[in-house]
Amino acid sequence: MTDRAADTAAAITVTPALATPPVERPADAPAHGLGTSLPPADAQAKALGTYPYTADLWAEGLLWAAVLRSPHPHARIRRIDTAQAAAMPGVRAVVTHEDATGPGGLGRAVPDRPAFASEVVRYHGEPVAAVAADHPETARLAAAAIVVEYEVQDAVTDPEKSFEAPPLHPDGNLVRHIPLRHGDPAVTGEVVVEGLYRVGRQDPAPVGVESGLAVPRPDGGVELYIASTDPHTDRDRLAACLGLAAEQVKICVTGVPGALGDREDLGFQLPLALLAVRTGSPVKLAATREESFLGHAHRHPTLLRYWHHADREGKLVKVEAQLLMDAGAYADDSAEVLAAAVSFAAGPYVVPNAVIDGWAVRTNNPPSGYLRGEGALQVCAAYEGQMDKLAARLGVDPAELRARNVMATGDTLPTGQAVTCPAPVAELLAAVREAPMPALPKDGPVEDWLLPGGPDGAGDPGAVRRGVGYALGMVHMLGAEGTDEVATATVKVEGTVATVLCAAVETGQGFATLARQIVQDVLGIDEVHVAPVDTDLPPAGPGGHGRHTWVSGGAVERAAKMVRTQLLQPLAATFGMSAELLSITDGKITSYDGVLSTTVAEALEGKELWATAQCRPHPTEPLDGAGQGDAFVGLAFAAVRAVVDVDVELGAVRVVEMAIAQDVGRVLNPRQLRARIEAGVVQGVGAALTEHLRVVRGVVRRPDLAGYPLPTALDAPDVRIVALLEERDVVAPFGAKAASAVPLVVSPAAVAAAVRAATGRPVNRLPIRPQSAVGGA
């Protein structure tokens, strides 16, 4: 590192998104803790626009980065000439694969992706080079001035052709094959229905700008201020690519505006770090919307073929399925996503026999990866389509057919794993069946807005048909197949203020609020701060699957209880009793017999207490060669009833209402839980009707929010939460279950079922195209 870089690093003032203090409340407000609707500490700052996101970061001597991406989905690189770009005034550095000399690769689960393309590009938008300059426009112009000589190759974009295509990657085209065999594969049912289903490429489409700042360190390392959801894994991967020790790379999590999967792709973070090290100056990169669509991973497009076997009464006998997932150019999380899809391919139903094959393959399409409800969403759309087909074949009400087959605690998954957690699927279905139906719209100018497409959308109000559809679904909690889930947390108390230190990233799932509630509940302390997250803290793992509620929250609770013991033991000893005989309620410490009564504030006066604890759930195991094994820690379930209006002449669909009943284990924050469920439902409506990233022969078309329509407030249906079933999972620290993923998983299948009911059409692909919704009597 140059002397100038050392001076710059010493002079840099970075303003990350620090943890804000709890929202002030009146002195006579009720005590807070688990089970109350404690508002997020940062809610006011976000509402007022004063919350600092990564795009707001600045440092003295700041440079700007730009990335050159491949215009081809598949090509050989014959030559890269950076001379013209490097000679431009204001350009400080140009980097390519030759500068990323570390032995590592990108990708959180499988590091099979190079830092920059070197000999070959494998997808449209793959990074080839990056530039740092004094001004963002200069950086973009310099990136465009880099000369890359390509020899375009035939792109393999059909996953079915990937099996026979030449290898697209040194590791081959097949990422994983899971052949699941359960029960007697030779059994057949009296009634068999077959279906072919397709699920498209959904994008996380983060509304916030994907941006970050890298700052060089005097030891030759780098600090990154980014909205990472898994900072320790990111640090390790980046250090490997840079050829640095892990301790030379520090990630400070800054201003995460929400995340539905990986918040920012490592291919975005690496150029920042490399350019900062190369120039010895801080470097900032703010991605355009197009770069966001090209850079991060998407939901796996999936082709699903099913055969459902049943007896004459509609009881399932066997499920056969073939699942083909498009991993895109690199493997990353595809093996894990495939495991979830195969394991849940029969849904929350009792299936004594199953023959399920799943494949994930590489293509020259954009990379696929983790997106909330991964694997489970795709198969839910297919097996619920099959249940509707089976009901129609037997002449049975679709909801009744589902009720005859629902899973319960003690039943067995097709993977051979017993369902030991609460599985109130029958109760969830009954709740949505019994919920009142929404009223029909009246004839009038105001109600015209409630027609599909608005007042000018419906060709004729008489062509509008109403449909009702049901869907059941499930997701797994925490990691799977032997993932070592562990989190560490420290709780410090000084005076009447507590601080929680934990590397669990607040991505909108409410962990920071939950941590405050836990400490309030255990210690009776009202003022609780959650410290900013960086990689100097012990790892807590990535967000998703309810991990931070269960594992990180469990670590916070254990640490808080250890501090509680430190606080109560001296008091108990004074009165000759056990600390277990003392309780903390509403900020007061009392003994069982009333002899001791004091406030927490008095007991803490002049003391500094702290404790560190870990939480690690029981282990799981990988699926074996027949797809069998105890691969999951726990499961969460939901039932959704969708009511839609369809213009059967134009194919326009309006989702009128989504009624949902969910298995939540325990409600920890009622308002926050409802908000997360509603958000999951609306995202599911987007997956059902509008969200599809179009890729034509490997090239992303219209990578913007005009070409990728997200559901707006006008598209959002009424979300009626008809039941939150609280049957605590005894192995979870609080008994709570994952909340956000399962509404998203089930909602698209319910919308498709309702459109089928309204039109009589098969509706076998997501998102639903207008031509699929045309029909009906």
Side-chain angles (χ1 to χ4, degrees), residues 15-26 29-56 206-208 227-229 231 252-260 263 372 487 489 491 497-523 525-534 540 543-544 546-550 552-553 555-557 560 664 666-680 682-683 719 721 724 734 736 738-741 743:
T15 307
L18 300 178
T20 53
V23 176
E24 294 184 2
R25 60 189 183 89
H32 287 184
L34 295 176
T36 63
S37 294
L38 185 68
D42 56 14
Q44 184 174 358
K46 288 182 175 178
L48 295 176
T50 59
Y51 183 80
Y53 293 104
T54 52
D56 302 317
V207 176
S228 171
T229 57
C252 302
V253 178
T254 307
V256 181
L260 306 175
R263 182 62 182 88
R372 181 180 292 164
V491 174
V497 178
T499 302
V500 176
L501 295 93
C502 182
V505 177
E506 171 59 66
T507 63
Q509 86 280 38
F511 170 76
T513 305
L514 174 63
R516 292 165 56 213
Q517 290 179 277
I518 293 168
V519 175
Q520 290 170 347
D521 211 48
V522 175
L523 295 175
I525 297 175
D526 187 61
E527 187 172 354
V528 182
H529 300 258
V530 179
V533 174
D534 61 45
R547 176 182 289 104
H548 290 325
T549 297
W550 185 323
S552 301
V556 172
E557 182 189 42
V664 298
R666 179 187 176 188
V667 178
L668 302 177
N669 187 314
R671 184 186 303 161
Q672 192 164 268
L673 175 63
R674 289 178 174 271
R676 292 171 65 190
I677 291 173
E678 291 171 0
V682 174
Q683 188 186 3
V719 179
I721 301 175
L724 297 175
F734 314 104
S740 301

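Fair warning: this is a prediction, and the values are worked out from it, not measured in the lab. Heads up: numbering here begins at 1 and tracks the sequence.
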Side chains of Thr513 and Gln517 in contact at under 4.5 Å (non-hydrogen atoms): yes
Where do Leu523 and Val528 land on the side chain to side chain contact (heavy atoms under 4.5 Å, CB included) test, with the steps shown first? CA-CA 10 Å; Leu523 295 175; Val528 182; over 6 Å; no
Heavy-atom nearest pair, Leu501 first then Ala531, reads CG-CB, 4.1 Å
Residues two or more places apart in sequence or in another chain: which of them pass side-chain contact (heavy atoms from CB on, under 4.5 Å) with Ser552? Ala487, Cys502, Ala504, Phe511, Ala540, His548
By side-chain hydrogen bond (donor to acceptor under 3.5 Å, both in side chains), Gln509 pairs with (sequence neighbours left out) Thr507
Take Val530 and Arg516 through the side chain to side chain contact (heavy atoms under 4.5 Å, CB included) test and state the conclusion after the steps. CA-CA 7 Å; Val530 179; Arg516 292 165 56 213; 3.9 Å; yes
Could you walk me through whether Leu514 and Asn669 pass the side chain to side chain contact (heavy atoms under 4.5 Å, CB included) test, one step at a time? CA-CA 8 Å; Leu514 174 63; Asn669 187 314; over 6 Å; no
Taking all non-hydrogen atoms of both residues into account, name the closest pair between Phe734 and Thr549 and its distance. CE1-O, 3.3 Å
Residue pair Gln672 / Gly510: nearest heavy atoms and the distance that separates them: NE2-CA, 3.3 Å
Residue list, side-chain contact (heavy atoms from CB on, under 4.5 Å) with Asp534, at least two apart or on another chain: Lys250, Cys252, Asp536, Leu537
For the atom pair CD1 (Ile721) and CG (Leu673), what is the distance rounded to the nearest 0.5 Å? 6.5 Å
Could you walk me through whether Arg666 and Leu34 pass side chain to side chain contact (heavy atoms under 4.5 Å, CB included), step by step? CA-CA 10 Å; Arg666 179 187 176 188; Leu34 295 176; 3.8 Å; yes
To check you understand the geometry: which heavy-atom pair defines the closest contact between Ala512 and Glu506, and what is its length? N-OE1, 2.7 Å
Are Leu724 and Ile677 side-chain neighbours, meaning at least one heavy-atom pair lies under 4.5 Å? yes
Nearest 0.5 Å, what's the CD-CD distance between Glu527 and Gln520? 10.5 Å
Minimum side-chain heavy-atom gap Val556-Val519 below 4.5 Å: yes
Rounded to the nearest 0.5 Å, how far apart are OG1 of Thr36 and CZ of Arg671? 9.5 Å
Side-chain contact, heavy-atom cut-off 4.5 Å: Pro231 with Val505? yes
